Amino acid sequence: MSEANLTEVQADRSKMQISETEVAIDIIGMNKWYGDFHVLRDINLHVMKGERIVICGPSGSGKSTMIRCINRLEEHQKGKIVVDGIELTSDLKRIDEIRREVGMCFQHFNLFPHLTILENCTLAPIWVRKMPKKQAEEVAMHYLERVKIPEQANKYPGQLSGGQQQRVAIARSLCMNPKIMLFDEPTSALDPEMIKEVLDVMVGLAEEGMTMLCVTHEMGFARKVANRVIFMDQGQIVEQNEPEEFFTNPQHERTQLFLSQILHH
Amino acid sequence: MTKDSSIAFVLKEPKEAEPAPIATTGALAWTRENLFSSRLNTALTILSLLFLAWMIPGLVQWTFVDAVWFANSIDECRQLSPGGACWAVITARFDQFMFGFYPEELRWRPVLAFVLLGVALLPVLWDAVPARKQLFFFSAIYPLVAFALLWGDGFIFERVNSSDFGGFLLTMIIGVTGISFSLPIGVLLALGRNSNLPFIKLICVTFIEFIRGVPLITLLFVASTLLNYLLPPGTNFDIILRVLIMVTLFASAYMAEVIRGGLAALSKGQYEAADALGLTYWQSMYLIILPQALKISIPGIVNTFIGLFKDTTLVSVIGLLDPLGIIQPILADSTWNGLVVELYAFVGLVFFVFCFAMSRYSMYLERKLSAGDRH
């Protein structure tokens with residue numbers, strides 16, 4: 001295994017419950033083009049509440065684009081996306097409704113550099129959820145404690161390490177009390193020492209039953225936490241399976257090649 | 001194979017931090033490093049010192065020592081001191097420089113308006129001012145107060161005609177109005193130019209490119225003459241108001257481009273993070289994008305403000321009596337005929353004071369806002 005994918009995490013799978021009736025996300029025949037370039041081809045994905053899905057694949061395979069379609073950071077041109085029972089259309093009201101329920105963490109954290117950590121966390125609850133400031137601060141401190149950095153609340157993002165910033169970004173999303181969390185390569189920009197502290201927070205979330213879609217190459221995390229691993233290439237879902245099967249017995253030759261490259265160099 | 005013992009190394013005791021050598025800190029080191037670091041530098045330093053020693057005494061002599069501060073004409077000036085500055089022309093015409101032909105007995109009104117301007121600016125410029133919220137309320141109604149004081153409301157305050165306005169009073173009116181309105185309009189234009197809505201974008205681009213492509217003087221001539229042909233006959237459209245609109249629009253177009261530069265400097269991630277949290281367009285602009293974009297744009301914004309402030313002198317071309325307009329009749333006046341330098345030096349000095357203050361304030365603001373910037 002390559003060094004970056006080695007990070008070992010401890011997780012308790014018995015706590016992670018998947019609902020059998022409640023659907024979190026339903027993607028049916030979704031297609032997307034950038035101009036003439038067909039980036040996402042006939043994507044079908046059915047996610048139940050409480051699922052932890054890891055999406056991997058080579059760069060340019062469309063994995064980020066796919067999860068960014070779920071909260072409309074990218075627009076899809078064909079097919080249907082239903083998030084938490086709401087169908088995504090160009091209707092701004094629905095988009096905002098979905099974004100309130102879907103949290104997202106980015107590769108480069110994207111904290112707001114002109115606001116303190118606490119303000120980063122209270123901003124959306126105050127302005128979007130119309131929460132009183134005092135209550136929003138209590139919620140924020142609660143989640144900052146969850147990600148183990150309450151003492152940084154009054155600093156600015158630029159004063160924190162990458163790992164701390166990413167944990168703040170997770171706390172910021174959690175303050176909105178989302179039903180679904182999207183992670184877009186959350187540890188790719190981090191030093192090896194900081195990857196674990198972020199993954200530990202994500203494991204904690206999984207153990208609490210959060211529905212999660214993670215674009216990541218942290219295969220240790222995929223093994224321990226995911227209930228499904230999806231492999232994408234050239235805008236298509238090439239293979240998906242339970243992690244154990246996926247890693248030990250990949251079927252498609254593209255998957256085999258990919259896994260051999262990331263696991264044995 | 002034997003081990004190579006020269007490669008192995010283990011730090012046995014931690015090394016303590018030590019103070020820097022004396023010769024590298026302090027005033028002496030600064031002087032050596034900046035003024036005498038090489039032969040060429042030393043030569044340049046000495047040359048500059050000689051130049052200053054040659055220049056300054058004469059300048060001080062003319063400006064202060066031999067200067068005449070009070071006299072009734074240029075001849076009297078020359079009699080008192082043939083080789084000095086005749087500042088008497090400024091003291092004699094001081095009121096005109098300040099107020100133009102604003103009625104003498106009503107001049108306390110512009111003075112009061114100026115003092116109140118300071119009060120109105122306090123909460124805007126300084127965030128530690130006590131009772132900031134209440135003061136902000138005053139800032140919001142200040143334009144009405146200033147209008148009532150300057151032009152009169154016809155009830156409490158006697159009316160004053162726009163044609164009587166002049167001097168630095170006029171400069172301040174145009175400058176302050178242009179500055180306060182061009183920023184918000186510029187922000188809206190910049191956002192419009194970046195908009196996804198093609199119609200709004202088209203309007204903003206057309207406006208910005210048209211206004212930027214035309215000299216300000218042309219716009220002022222349009223305001224003073226051409227507009228009369230377009231308006232229905234008999235309309236009384238105040239000349240100062242027309243100039244205010246033109247100057248504001250002109251500065252707004254420049255402002256929009258300065259702010260667009262700031263917007264472009266932000267990473268896409270900031271927009272995406274704001275979107276992903278469910279903030280609406282206006283919320284994300286107001287809370288996330290503009291605070292950062294405006295901070296980046298401060299040097300450009302203040303640059304535009306300073307440019308606008310100095311451009312107010314162009315109104316003398318359409319016959320308004322700004323400080324430069326006041327100078328013209330003085331130059332032609334036989335009592336003072338022959339004085340040029342003193343008049344322009346005085347006007348230049350006053351402009352410099354205002355512009356330098358703006359520049360210093362912008363530096364203070366940049367320093368203050370860069371608190372969270374340590375990456």
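Predicted, not measured: the structure shown is a model, and the values here were computed from it. Just so it is clear: chains get the letters A, B, ... in the order the sequence lines come, proteins before strands, and each one is counted from 1.
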Just wondering, are more than 12 heavy atoms of other shown residues or ligands nearer than 6.0 Å to CZ in B:Phe309? yes
Which region of B:Gln283, side chain (C-beta onward) or backbone (N, CA, C, O), has a non-hydrogen atom less than 4.5 Å from a non-hydrogen atom of chain A, or is it both or neither? side chain
If you count the non-hydrogen atoms of other residues, nucleotides and ligands that lie under 6.0 Å from CZ in B:Phe136, is the total more than 12? yes
Taken to the nearest 0.5 Å, the spacing of B:Asp275 CG from A:Met104 CE works out to 11.0 Å
Considering only distance and modelled atom types, tabulate donor-acceptor pairs under 3.5 Å from the side chains of residues 248-264 of chain B, sequence neighbours left out.
unit_1, atom_1, unit_2, atom_2, d
B:Thr248, OG1, B:Leu244, O, 2.6
B:Ser252, OG, B:Thr248, O, 2.6
B:Glu257, OE1, B:Arg193, NH1, 3.4
B:Glu257, OE1, B:Arg260, NH2, 2.9
B:Glu257, OE2, B:Arg193, NH1, 2.8
B:Glu257, OE2, B:Arg260, NE, 3.2

Could you tell me if the side chain of A:Leu123 sits less than 4.5 Å from the side chain of B:Leu279, heavy atoms only? yes
If you draw a 6.0 Å radius around OH in B:Tyr364, do more than 12 non-hydrogen atoms from other residues or ligands fall strictly inside? yes
For A:Arg99 and B:Gly278 the tightest heavy-atom approach is CB-CA, 3.8 Å
Qualifying side chain to side chain donor-acceptor pair (under 3.5 Å) pairs with a residue from residues 124-136 of chain B, counting only residues at least two apart or across chains: B:Asp127-B:Lys368
Might you confirm whether atom CD of B:Glu33 has over 12 heavy atoms from other residues, nucleotides or ligands at distances under 6.0 Å? no
Whether the side chain of A:His114 engages the backbone of B:Leu369 through a donor-acceptor N/O pair (distance < 3.5 Å, no angle test) should be reported. no
Applying a strict 4.5 Å limit to non-hydrogen atoms, the region of A:Leu92 in contact with chain B is neither
Give a yes or no on this: more than 12 heavy atoms of other residues, nucleotides or ligands lie within 6.0 Å of atom CZ of B:Arg212. yes
Is it the case that over 12 heavy atoms from other parts of the model lie below 6.0 angstrom from the OH atom of A:Tyr34? yes
Measure A:Arg172 against the heavy atoms of chain B and call it side chain, backbone, both or neither at under 4.5 Å. both
Quick check on A:Phe106 against chain B: is it the side chain, the backbone, both or neither that has a heavy atom closer than 4.5 Å? side chain
What distance do B:Glu272 atom CD and A:Asn71 atom CG have between them, rounded to the nearest 0.5 Å? 9.0 Å
So how far is it from A:Phe112 CZ to B:Ser284 OG, rounded to the nearest 0.5 Å? 8.5 Å
Report yes if some heavy atom in the side chain of B:Leu277 is under 4.5 Å from a heavy atom in the side chain of A:Val128; otherwise report no. no
